[in-house]
Amino acid sequence: MRIATYNINGIRARFETVTAWLGEKAPDVALLQEIKIVDEAFPREEIERLGYRVETHGQKSFNGVAILSRLPLDDVVRGLPGDESDEQARWIEGTVIGERRAVRVCGLYLPNGNPAPGPKYDYKLGWMARMRARAEALVASEEPVVLAGDYNVIPEARDVRNPDNWREDALFLPATRAAFRGLENLGLYDAIRLRTQAAGVYSFWDFQRGAWGRDNGIRIDHHLLSPQAADLLRDAWIEKEARGGAKPSDHVPVWIDLDA
DNA sequence: ATGACTAATTCGATTAGA
């Protein structure tokens, strides 16, 4: 079972890029972030025609997440628990029924948090605390669980080309990285780090300042795996070449293969 | 020293992204 995560930066702007990618790569599951559209306006039929079940949790203009699955998808839940007043669409989960195993899959778009300090950064850290509580419950289930998406977290200095440029940034502040380690300390594994310890493995290159041409990237799109999911991991990688393709997002797809 | 790019909203300039 291949599970990809992809921040598409707008389904309207990225429709042809995304449908071409689905047609070519055909991941079993695609977790999308920043669909930037309400559920009723999402191009559901066009993507169903490519063989996918479509579950969205959208909102107008910003944010919005989706699960696309070629496999049966049950028990879909929208929204991150813990704050009834939070209206931002950043979390969706469902159970994907593989040939051998069922996998609980969470698609997430973690808040950016800039500028820091400030209310946006407070929202980010509060959101991460709520995510930790949900992740703790999922780990306790002792089932294969995958939490994947745009974390807006640079975990370590080896995950950014120029660490000194990011010292004051919400994506790389010590409190941000500590909260990410807090997730790992529940017993979750960063899938790419089960595959390689190399520096310079990035998933995002800014549209500005010629970041792509200079390989001035950061790794912020992650799959965290429960122990039961990590036991099923066959491979993980980042589709870097997508950043140089036609009408690219600023993020590229990242995928894992599970024996499930 | 500063802006640089892209998308959404809605048709121009603002907000947001990271």
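Computed over heavy atoms, backbone and side chain alike; hydrogens, waters and symmetry mates excluded. Reminder, nothing fancy here: chain letters follow the sequence lines and each chain counts from 1. Not measured: the values here are computed from a predicted model.
Counting non-hydrogen atoms of neighbouring residues, nucleotides and ligands closer than 6.0 angstrom, the CD atom of A/Gln197 exceeds 12 such neighbours.
Cation-pi contact between A/Arg177 and A/Phe172: present, with separation from the ring centre below 6.0 Å and deviation from the ring axis of at most 45°. Judged by the 6.0 Å distance and 45° axis criteria, A/Arg70 is positioned over the aromatic ring of A/Tyr52.
The shortest side-chain heavy-atom distance between A/Ile3 and A/Pro27 does not fall under the 4.5 Å cut-off. The side-chain heavy atoms of A/Asp83 and A/Trp127, taken from C-beta on, include no pair separated by under 4.5 Å. Between A/Met131 and A/Trp91 there is a side-chain heavy-atom pair separated by less than 4.5 Å.
Residue contacts shown for A/Asp221 are absent, as no nucleic acid heavy atom lies under 4.0 Å away. Among the protein residues, A/Ile37 comes within range of no part of the nucleic acid, since none of its heavy atoms lies under 4.0 Å from any strand. When heavy atoms are screened at a 4.0 angstrom cut-off, A/Asn63 is found touching no nucleic acid atom at all. Counting any heavy atom pair closer than 4.0 Å across all strands shown, A/Lys120 reaches sugar-phosphate atoms only and no base atom.
For B/dC5 and B/dT10, the P atoms lie 25 Å apart once the distance is rounded to whole Å. Only the P atoms considered, B/dA7 is 14 Å distant from B/dA18, to the nearest whole Å. Remark: the separation of the C1' atoms in B/dG17 and B/dA4 is 15 Å, to the nearest Å. Between B/dT9 and B/dG3, the distance separating the two P atoms is 27 Å to the nearest Å. As rounded to the nearest Å, B/dT6 and B/dC11 have P atoms that lie 23 Å from one another.
Here the options are A/Asp221, A/Leu108, A/Asn112, the test is side chain to side chain contact (heavy atoms under 4.5 Å, CB included), and the partner is A/Asp150; only A/Asp221 passes.
Between A/Arg234 and A/Asp257 there is no salt bridge, since no side-chain N of the basic residue sits under 4.0 Å from a carboxylate O of the acidic one.
Taking 4.0 Å as the cutoff to heavy atoms of chain A, we find the contact window on DNA chain B bounded by B/dA4 to B/dA18.
Two residues, A/Ile220 and A/Asn9, neighbour DNA chain B, and the one matched to the more 5' nucleotide by heavy-atom proximity is A/Asn9. If you find the closest nucleotide of DNA chain B to A/Asp206 and to A/Arg12, the one lying nearer the 5' end belongs to A/Arg12.
Looking at residues 107-115 of chain A, you'll see A/Tyr109, A/Asn112 sit with a heavy atom under 4.0 Å from some atom of DNA chain B.
Note: A/His222 and A/Phe180 have tilted aromatic rings, judged against thresholds of 30 and 60 degrees for the angle between ring planes.
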